[in-house]
Amino acid sequence: PLPRPGAEAEKITRTVQQSLARMGYQPGPADGMAGEATAAAIRAFEKAQQMPQTGRVSGLLMARLVALAGTGQLATR
């Protein structure tokens with residue numbers, strides 16, 4: 001099995017998952033583990049936002065999600 005990410009990485013991934021789910025993407029359970037459903041949801045979000053499609057949690061992805069927080073779409077926990 002793959003090593004588990006650290007607690008901080010899991011928290012960030014969980015926030016991304018919750019945010020994507022709130023916006024209608026289907027990242028799977030908000031469990032802090034970036035599986036294939038999360039990667040697919042990130043790619044769909046990146047495509048909709050005209051971003052490079054990486055399927056990975058990144059600084060650019062987080063910045064875009066934070067920018068959307070003003071619209072009330074970003075998860076807060």
- prompt: Say you draw a straight line from CG of D31 to OG1 of T13; how long is it, rounded to the nearest 0.5 Å?
  reply: 9.0 Å
field: Pairwise side-chain contact, P52 with L60, heavy-atom cut-off 4.5 Å (strictly under)
entry: yes
task: Take Q26 and L20 through the test side chain to side chain contact (heavy atoms under 4.5 Å, CB included) and record every step on the way to the result.
output: CA-CA 7 Å; Q26 299 176 345; L20 290 169; over 6 Å; no
Rounded distance [0.5 Å steps], CD in E46 versus OH in Y25: 10.0 Å
Side-chain donor/acceptor pairs under 3.5 Å, residues 34-42, sequence neighbours excluded:
residue : atom : partner : partner atom : Å
E36     : OE2  : R43     : NH2          : 2.8
T38     : OG1  : Q17     : NE2          : 3.0
T38     : OG1  : P27     : O            : 2.8

message: If the condition is side chain to side chain contact (heavy atoms under 4.5 Å, CB included), which residues does E8 pass it with, not counting sequence neighbours?
response: K11, I12
Of all pairs that satisfy side chain to side chain donor-acceptor pair (under 3.5 Å), the ones with a partner from residues 55-65, not counting sequence neighbours: Q49-R64
